[in-house]
Amino acid sequence: MPLDFATPFTPVASLVGGILIGLSAVFVMALFGRIAGISGITSGALPGARSDWSWRLAFVIGLIAAPLAVLALTSRSVPQVVPANLPAMAVAGLLVGFGTVLGSGCTSGHGVCGLARLSPRSLAAVGIFMATAFVTVFVLRHLA
Amino acid sequence: MRPLLGFLCGLLFGVGLVVGGMSDPAKVLNFLDLFGRWDPSLAVVMAGASVTAFIGYRLVRRRDRPLLLPDFQIPRRGPIDTQLLLGAAVFGIGWGIGGFCPGPAWTALPLAARGTLVFLPAMLVGMALAAMLKRRSAAKTPMTDGRT
């Protein structure tokens, strides 16, 4: 895989980032009474998808605006290396979209919010998607 | 009011992803590469976010209703069924290939890498297909859980 280079462990920045994500999840619960799961928010963001779609669409626009806000505030570019194998990215996108809706959640809905609620379903989902992701990367990087 | 506050929540979430390094698929894929160039950052993000939400949810649930909508909609404690496990397994494979889960895929959009521009529409198609499938199976058998 072309992406095989080391990235530094960033415990402080990652802890701060995690706390911000957790705060966002708490605000979503306090304001809207909903789980801050990005797959659920995305699939419910289309006009007419649900009666309360407008805040979801606005949430997605906020996500998109975030790197621009960071860039404007810190004037530092956001490091990002995206895999360039386009057919693989198309397959990856299909699997992520299909799997998160079929399994009712992703890294945020099951991961962050589900673990915070001590939900057995979410704990099971996190265990499974972590396991298949570890195996997939192992196969692609070390066997293929 | 709702769209503005929704936007700010999304912005906060996205800034958290960017600050935590999770908007970079290289970093996510290195977390998933246990036997290679392992970067544990994602675990720290996940722990910080879950513990914050765990504490915050306890404070919020003392109220009868959320501030802007009439009721709390919390997923019911249904059984751990095939649909949940199969969906999670499929998601994990896609995550391991592309290094994107749904949140970071959105925050990657402004930088407009070609991989992102292919991944995002494919993700939306996958979501629509799964939603169709779920609606069909829900019409046949009563579902225990339909949302995140």
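First the proteins, then the strands, lettered A, B, ... as listed; each starts at 1. Scope of the values below: all heavy atoms of this structure, side chains included, with no hydrogens, waters or symmetry mates.
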When only pairs under 4.5 Å are counted, which of [options] shares the most heavy-atom pairs with chain B?
options                      : value
A:L31, A:V70, A:T74          : A:L31
A:T132, A:T107, A:V126       : A:T132
A:A66, A:S122, A:G103, A:A92 : A:A92
A:S54, A:G114, A:P120, A:P11 : A:P120
A:L63, A:L95, A:I128, A:L20  : A:L63
A:P87, A:G127, A:A131, A:A25 : A:A25

[atom1]-[atom2] distance between [X] and [Y], expressed to the nearest 0.5 angstrom:
X      : Y      : atom1 : atom2 : result
B:C101 : B:L17  : SG    : CG    : 7.5 Å
A:I41  : A:S108 : CD1   : OG    : 7.0 Å
B:M22  : B:F100 : CE    : CZ    : 12.5 Å

Ion pair check, B:R2 and A:D52, cut-off under 4.0 Å
no

Are A:V26 and A:L118 in one and the same hydrophobic cluster, where Ile, Leu, Val, Met, Phe, Trp and Tyr link if side-chain heavy atoms are under 4.5 Å apart?
no

Under 4.5 Å between side-chain heavy atoms, hopping through other hydrophobics if needed: is there a path connecting A:L71 to A:V16?
no

Taking the side chain as every heavy atom from C-beta outward, state whether A:Q80 and B:P25 have any pair of such atoms under 4.5 Å apart.
yes

Can you tell which part of [X] gets under 4.5 Å to a heavy atom of chain A, answering side chain, backbone, both or neither?
X      : answer
B:L133 : side chain
B:L42  : side chain
B:V60  : side chain
B:R63  : neither
B:V15  : both

What part of [X] gets closer than 4.5 Å to chain B, counting heavy atoms only: side chain, backbone, both or neither?
X      : value
A:T136 : side chain
A:V78  : both
A:F138 : side chain
A:L68  : side chain
A:A69  : side chain

Options [options], ranked by heavy-atom pairs under 4.5 Å with chain A, top entry:
options                        : value
B:V19, B:L4, B:L59, B:V28      : B:V19
B:G14, B:P121, B:A43, B:A105   : B:G14
B:V118, B:I80, B:V90, B:D39    : B:D39
B:L32, B:L85, B:L68            : B:L32
B:G10, B:G87, B:G20            : B:G10
B:L129, B:L124, B:L111, B:L109 : B:L111

For B:W106 and A:T42, does a side-chain donor sit closer than 3.5 Å to a side-chain acceptor?
yes

What do the steps show when you test B:Y57 against B:F72 for ring-ring contact (aromatic ring centres under 6.0 Å, His included), and what is the final call?
CA-CA 11 Å; B:Y57 280 176; B:F72 287 107; 9.4 Å; no

Please determine which of A:F59, A:W53, A:W55 meets the ring-ring contact (aromatic ring centres under 6.0 Å, His included) test together with A:F32.
A:W55

Taking A:F134 as the fixed residue, which of B:F35, B:F31, B:W95 is the one that meets the ring-ring contact (aromatic ring centres under 6.0 Å, His included) rule?
B:F31

Full working for salt bridge (Lys or Arg N to Asp or Glu O under 4.0 Å) between A:R141 and B:D33:
CA-CA 8 Å; A:R141 285 195 175 174; B:D33 191 7; 2.9 Å; yes

I'd like to know if the side chain of B:D24 and the backbone of A:V81 have a donor-acceptor N/O pair within less than 3.5 Å.
yes

